[in-house]
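Predicted, not measured: the structure shown is a model, and the values here were computed from it.
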Amino acid sequence: STWVERHQEEIMQELLVETVTQKQQVLHDHFIKNALESIQLKQSELLEIYQSEDFKNIGSENPSRVVSSFYTRLAELREYHRRFVQHSSAETDLEGRVAIVAEDQLPVSFTAEECYGKYVDLHEAYTEYINLGFNFDDPAAPKAADANPLAVAAARHKAIDYATFLQRLGQFHTVARKYKNDSYCKFLERLYNYFQDFYRRSQPLASMEETMKLAEASFETMWKTGQVMGWEDIKDDETAPAPGKKQTKKQRRYAFYKKVAMLEMRIQRYMEQLGDVLQNTLANVEKKWTRTREELMMEIQREEEETHRALTKKKETEEEEEEEEEPAPTIRDNPLNLPLGWDGKPIPFWMYKLHGLGLEFKCEICSNYSYFGPRAFERHFQEWRHANGMRCLHIPNTRHFHQVTKIHDAMALWDKIRYESSLKSWKPEVEQEFEDRDGHVFNKKTYDDMRRQGLI
């Protein structure tokens, strides 16, 4: 229909719009999503009309009667639009479109910390995380018999900052099994609901349904074969209880562990999709810690001024499309393409050389991702991208694999560690010793052989 085609044309025009701010980008995506949903709704209504019995019976009626009804209805529509010219559907839709894309009518809400989907706001999850059981198990804490229980709990608490929490987020295999209880499960559920809601608000045109279906199918296969990291020792026990009987304690525990493992997997899939947002959040938190309040206020004011200038320049460019675009000032002011400092200006060249930002380090485990500078390279071994690569290789991301970037080297080192661990394990047939009456010492295997032969 013409209505559907007009909305399709609006979507095409909206796709040609170049967004400047993060708020404009989110608004742009939500407008396209709403337009697509409107088209789908209208097409569903048309499909119902085409499949109705009244529409199928049109051909069986008298042709002259159909034609006369058509021209009668056409005359009524023409008379209506002649009398109400100012209320045409095209103008109404255009006014609605302008209202939808206006910056002061965002269809979803974001917190100030989220900055319209640029960062994540996990402060509530962080507060709940530091109160979980495994944060109150510091072995180095003093243990006095007559101490106050609250003082002992405070001494045993391992406090971590918000940045460390963001770095550790997703490394669920490092949490001991005894701490994965109901409180831990509720924490995972709230974290999963937040990521699901944030993904829907910040990326309305994307969908995680197919990704989640594939991930859940893969999880079921790996769970049955004991290949889920951190849950390798859980045996498959899906035997349903007999009719009229309750589940056993073992069956309830197995179902609970599977639910927790499924939540961990879902959160990790969302973290993979929001990897850049999490990295930007961590960088923004570390940047705030190095600034004073005055510097932060100056930076906010500078960003607002830059956004205003960008919007003004974009408007002037649209009005003067025939003129050539001026070269970007960054090419003239930053010929060496140096990183920008906190003031938006290129950092000094001596600082660039001092921190080794010209050195590129590639990590094969991170899908050949490039890291510039030794500091970024050292730090990436504890970040989500490297941890995810190690998890895909079924290798724990421990200190042993620090500085290892090749997949072949990591696999070889993992085989060596497992071999050395097997050598250090207790072998009773070799290391267990027995002594006979004469004082001779034999290992268990030799002693059993000589005793069976009657020599002892």
**Q** Does the pair Glu124/Arg190 count as a salt bridge with the N-to-O cut at 4.0 Å?
**A**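 So Glu124 does not pair with Arg190 through a salt bridge.
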
**Q** If you measure only the distance, is there a donor-acceptor pair under 3.5 Å linking the side chains of Gln171 and Trp384?
**A**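 Trp384 and Gln171 do not have a side-chain donor-acceptor pair below 3.5 Å.
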
**Q** Are the side chain of Tyr194 and the backbone N or O of Asp121 linked by a donor-acceptor pair below 3.5 Å?
**A**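 Yes, the answer is positive, given that a donor and an acceptor are paired below the 3.5 Å cut-off.
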
**Q** Do you know the tightest heavy-atom contact between Glu128 and Phe187?
**A**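 Residues Glu128 and Phe187, closest heavy atoms: OE2-CA, 3.4 Å.
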
**Q** Does Glu264 come within less than 4.0 Å of Lys180, counting only side-chain N to carboxylate O?
**A**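 The answer is yes: the pair qualifies as a salt bridge.
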
**Q** Side chains of residues 389-399: which donor-acceptor partners sit under 3.5 Å, not counting sequence neighbours?
**A**
{"residue": "Arg391", "atom": "NH2", "partner": "Asn388", "partner atom": "OD1", "Å": "2.7"}
{"residue": "Asn397", "atom": "ND2", "partner": "Phe381", "partner atom": "O", "Å": "3.0"}
{"residue": "Thr398", "atom": "OG1", "partner": "His400", "partner atom": "ND1", "Å": "3.2"}

**Q** Take the angle between the ring planes of Trp414 and Phe401 and call it parallel below 30°, perpendicular above 60°, tilted in between.
**A**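 It falls in the tilted class, 30° to 60°.
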
**Q** Please tell me whether His402 and Glu378 have a donor and an acceptor in their side chains that are separated by less than 3.5 angstrom.
**A**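 Checked: His402/Glu378 side chains pair up, N/O donor to acceptor below 3.5 Å.
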
**Q** Please determine whether side chain to side chain contact (heavy atoms under 4.5 Å, CB included) holds for the pair Leu413 and Ile417, giving the CA-CA distance in whole Å, both sets of side-chain angles, and the decisive distance to 0.1 Å.
**A** CA-CA 6 Å; Leu413 180 58; Ile417 293 175; 4.0 Å; yes

**Q** Does Gln268 reach the main-chain N or O of Gly170 with its side chain, forming a donor-acceptor pair under 3.5 Å?
**A**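 Judged by distance alone, yes, a pair lies under 3.5 Å.
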
**Q** Side chain of Asn280, backbone of Asp276: donor and acceptor closer than 3.5 Å?
**A**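 Yes; judged by distance alone, with no hydrogens or angles, the pair exists.
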
**Q** Got a sec, which residues hit side-chain hydrogen bond (donor to acceptor under 3.5 Å, both in side chains) with Arg177, two or more places apart in sequence or on another chain?
**A**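 Only Asp233 meet the side-chain hydrogen bond (donor to acceptor under 3.5 Å, both in side chains) criterion with Arg177.
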
**Q** Looking only at side chains, do Asp449 and Thr446 share a donor and an acceptor under 3.5 Å apart?
**A**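 Note: Asp449 and Thr446 side chains miss the donor-acceptor criterion.
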
**Q** Taking the basic N atoms (NZ, or NE/NH1/NH2) and the acidic carboxylate oxygens, is any pair closer than 4.0 Å for Asp197 and Arg201?
**A**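 Salt bridge: yes.
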
**Q** Strictly by modelled atom types, are Asn284 and Thr281 linked by a side-chain donor-acceptor pair under 3.5 Å?
**A**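 No.
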
**Q** Determine all donor-acceptor pairs shorter than 3.5 Å in which one atom belongs to a side chain in residues 365-376; sequence neighbours excluded.
**A**
{"residue": "Ser370", "atom": "OG", "partner": "Glu360", "partner atom": "OE2", "Å": "2.6"}

**Q** Answer yes or no: is there an ion pair linking Lys444 with Asp448, defined by an N-O contact shorter than 4.0 Å?
**A**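 So Lys444 pairs with Asp448 through a salt bridge.
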
**Q** Looking only at heavy atoms, which two atoms of His386 and Cys363 are closest? And how far apart?
**A**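 Of all heavy-atom pairs spanning His386 and Cys363, the closest is ND1-SG, 3.5 Å.
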
**Q** Do Phe442 and Phe434 have ring centres separated by under 6.0 Å?
**A**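 So the answer is no for these two rings.
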
**Q** Are any of the side-chain nitrogens in Glu45 or Lys42 under 4.0 Å away from the carboxylate oxygens of its partner?
**A**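 Here Glu45 pairs with Lys42 in a salt bridge, since their nearest N and O are under 4.0 Å apart.
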
**Q** Do the rings of Phe377 and Phe361 sit parallel, tilted or perpendicular, given the 30° and 60° boundaries?
**A**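 Parallel.
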
